[in-house]
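For reference, the structure discussed in these notes is given below.
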Amino acid sequence: MSVVELEQVAKVYGDVVAVDGVGLSVDRGEVVALLGPNGAGKSTLFELLLGLVRPTAGRARVLGVSPGGEARAQVGAMLQHAGLPDQVTVAELVRLVGRSYPATLGLDAVLERVGLAHRHRHTVSTLSGGERQRLLLALAIVGDPQLLLLDEPTAAMDLEARRRFWEHTLASVDDGTTLVFATHDLAEADAVADRVVLLHHGQVLADATPTALKRLVPGCVVTLVTDAPPEVIARWPGVERVDPAPDGGSSPPAHARLAVSATDAESVVVPLVRSGHDLSGLGVAEADLETAFVQLTRSATAGATHPTLEGT
Amino acid sequence: MSGTATAPRTGRRRQRSTRDEVVRRDPVGLLGAQILVELRSHARSLDFVIGAIALPMLLYAMFGLPTASPSNVLPDGSHVGTMMMVSLCSYGVVSLAIFTFGEDIARDRGRGWARTMRATPLPMWSYLAAKVVLGLVGAVLIVTSTAGLAVVAGNVRLDPGEWLRLGGTLLVGVLAFSTLGFAIAYATRPRAATAIANLLFLPLAFLSGFFVPLSELPAALRDIAVWMPTHHFGQLAWRQVAPAEGVEAWAGITPASAGTHLAWVVGATLVFGAIAVLAARREGVTRRG
């Protein structure tokens, strides 16, 4: 039985189509990342799965029943812009929310999982941003849910806090929970998810494993240091886009460290050498999830079609 | 894109573990837990303890005790210190109702706690019911602390029946005006709720004669006071400790029948309640995630 099943689900607010005919099926124990630009419909999908809003069209099922109602007792969630009351202690909050579920993990077990056992007597006002996020995770898992929905859970965290967050979250997933999460961090999706669902303007643009999604986009990313103007490189055949390389370091004067997405390395290196420009620090990597994401959403905006790899 | 630290996926997943602790869903227990959380968290807040609970007593100490000599009586013999105590208790409970329900709930909306609750099976009824209980407990504390000071240092003497009727009237006031608080909480933007609550409450309290007896204010203000539901609530409270002549001397307004004052309070409760329900529904309909 699928834990989540959406059939041609649409949600319209006035003249805004937030979700447009989404079909999605998530099996027990799967970890699914929802990717998409702001306004792609990720948060609306979570609200549909929680039963907070009803679909305008189509059918949504969670654990075999309509979202909300009895299904709520088996679903844990962290929504975007969620907050906590300041003067309540960590233990009080976890106990309170735990009481609303028919079955709960023990307080100690939950706090141990999210790394807040030592903070159980502290009020929320004394917690750091990362600790607050982990407390929200504790509230999401205290009911021992079968389905965990996390909407951009690590958005405000630094790298260390993210690492710890996923460590704790995946401990819950390893316990058999199905996890659906939204993120803008493609490396995070690549590292954590079994499947990536790419949303764009409320529609599913791609639904595949991270590996299959990367294969959808042929080519590679060439990093190099050169004095050739990026706008010139961008015009060469086979070059998709030119960006500043993320970990640039120092470059000689009038040189820049660039990340060039291209069909193959030759289409960058050969014309660069022939044109007589400097070339150093050369590195070639396969197209990553970010490249796939950018190209797929650009193509969708331009009206091109890409194959959707359902259940790959 | 590289550089994001994520934990590596672990290997095979285990079967779901046996649940460590099973708690049956128990509405009474849930409500009890929610009430405890409300009471404890507010007890930790100095703003609430001083600004809402202790302030009426402090105001009575500053402005009531100097007038509380046994010989300071109204023409009908009613004790001024007692009337002042009732005024400040009325101020306290109306203030509590408006701010506990209005400002508190708006703050919970503004900081995202309301949204977090929506992501859990916590029912809204238990959250609102816990706020009501908080309001009632707060009102009991306001009345007992202010009345305690009035008895110990203000020469206030009432028989048990009068104390019970006064206490009951003041507790009903919390419930009645809580609807105004709910209306403010849901009809305004969270950030504006405090300002709007103050904007409404201060004129209401002043024009109702809770700070200064209306008999000492210009007649024009007394003409406005009769349109204030809080003034009618005050009339009901004063009537529990003084005869109609005493209330007239204190308020400068001839009291109407108890039924008329009650109708005003009930009517206001219904109107504010309807606004609150409509505003809460509108928020549910228009809210976008």
Side-chain angles (χ1 to χ4, degrees), chain A residues 13 18 29 43-44 46-47 50 52-53 72-73 76-88 92-93 95-106 109 123 136 139-140 143-144 146 159-160 162-163 166-167 170 173-177 185-188 191-192 246-247 288-290, chain B residues 1-17 19-27 29-34 36-38 40-45 47-48 104 107-123 126-127 130 284-289:
Chain A
Y13 294 98
S43 295
T44 305
F46 283 117
E47 296 190 338
L50 283 167
L52 300 179
V53 296
R72 286 296 289 106
M78 268 177 80
L79 295 178
Q80 251 188 305
H81 311 302
L84 298 160
D86 279 345
Q87 296 300 330
V88 183
E92 285 170 349
L93 264 185
R95 276 202 199 101
L96 173 65
V97 173
R99 272 202 170 268
S100 65
Y101 286 95
T104 65
L105 301 170
T123 57
L136 286 168
L139 302 185
D144 197 13
Q146 295 190 47
L159 291 181
E160 174 58 17
R162 281 182 184 212
R163 190 190 62 76
W166 282 114
E167 222 173 68
L170 293 177
V173 174
D174 287 341
D175 213 14
T177 308
D185 187 327
L186 305 170
E188 189 172 82
V192 173
D247 48 352
D288 54 17
L289 199 54
E290 182 169 345
Chain B
M1 132 165 177
S2 62
T4 298
T6 50
R9 296 294 307 278
T10 49
R12 292 176 59 193
R13 293 185 184 122
R14 300 189 300 273
Q15 291 298 306
R16 290 178 72 76
S17 63
R19 285 163 180 174
D20 306 298
E21 185 184 329
V22 176
V23 179
R24 289 175 62 82
R25 256 200 281 199
D26 162 21
L30 178 62
L31 178 60
Q34 188 111 42
L36 266 182
V37 166
E38 283 293 337
R40 284 179 177 163
S41 62
H42 280 79
R44 293 183 189 114
S45 163
D47 284 355
F48 180 76
D104 248 33
R107 192 184 296 141
D108 282 346
R109 286 175 57 216
R111 63 186 162 199
W113 173 229
R115 188 163 169 75
T116 302
M117 281 191 290
R118 284 168 63 85
T120 74
L122 272 179
S126 74
Y127 168 72
V285 170
T286 58
R287 184 195 48 74
R288 292 279 306 278

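We name chains A, B, ... by the order of the sequence lines, and we start the count at 1 in each one.
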| field | Euclidean distance, R99(A) CZ relative to Q34(B) CD, rounded to 0.5 Å | value | 11.5 Å
| Spatial distance of atom CG (L96(A)) from atom CG (L30(B)) [nearest 0.5 Å] | 6.5 Å
| Distance from L139(A) atom CG to L122(B) atom CG, nearest 0.5 Å? | 9.0 Å
| remark: CE (M117(B)) and CG (L79(A)) are apart, to the nearest 0.5 Å, by 12.5 Å
| request: Could you list the residues that satisfy side chain to side chain contact (heavy atoms under 4.5 Å, CB included) with R107(B), not counting sequence neighbours? | output: E103(B), D104(B), R111(B)
| message | Strictly distance-based, threshold 3.5 Å: is any side-chain N or O of T116(B) a donor or acceptor partner for the main-chain N or O of G83(A)? | response | yes
| Over all atoms of both residues, closest heavy-atom pair of P121(B) and A73(A) | CG-CA, 4.3 Å
| field | Residues forming a side chain to side chain contact (heavy atoms under 4.5 Å, CB included) with V88(A), sequence neighbours excluded | value | P85(A), E92(A), L93(A), V37(B), S41(B)
| query | Just by distance, do the side chain of R72(A) and the backbone of T120(B) share a donor-acceptor pair under 3.5 Å? | reply | yes
| note | One should read off an interatomic distance between D47(B) CG and Q87(A) CD, to the nearest 0.5 angstrom, of 9.0 Å
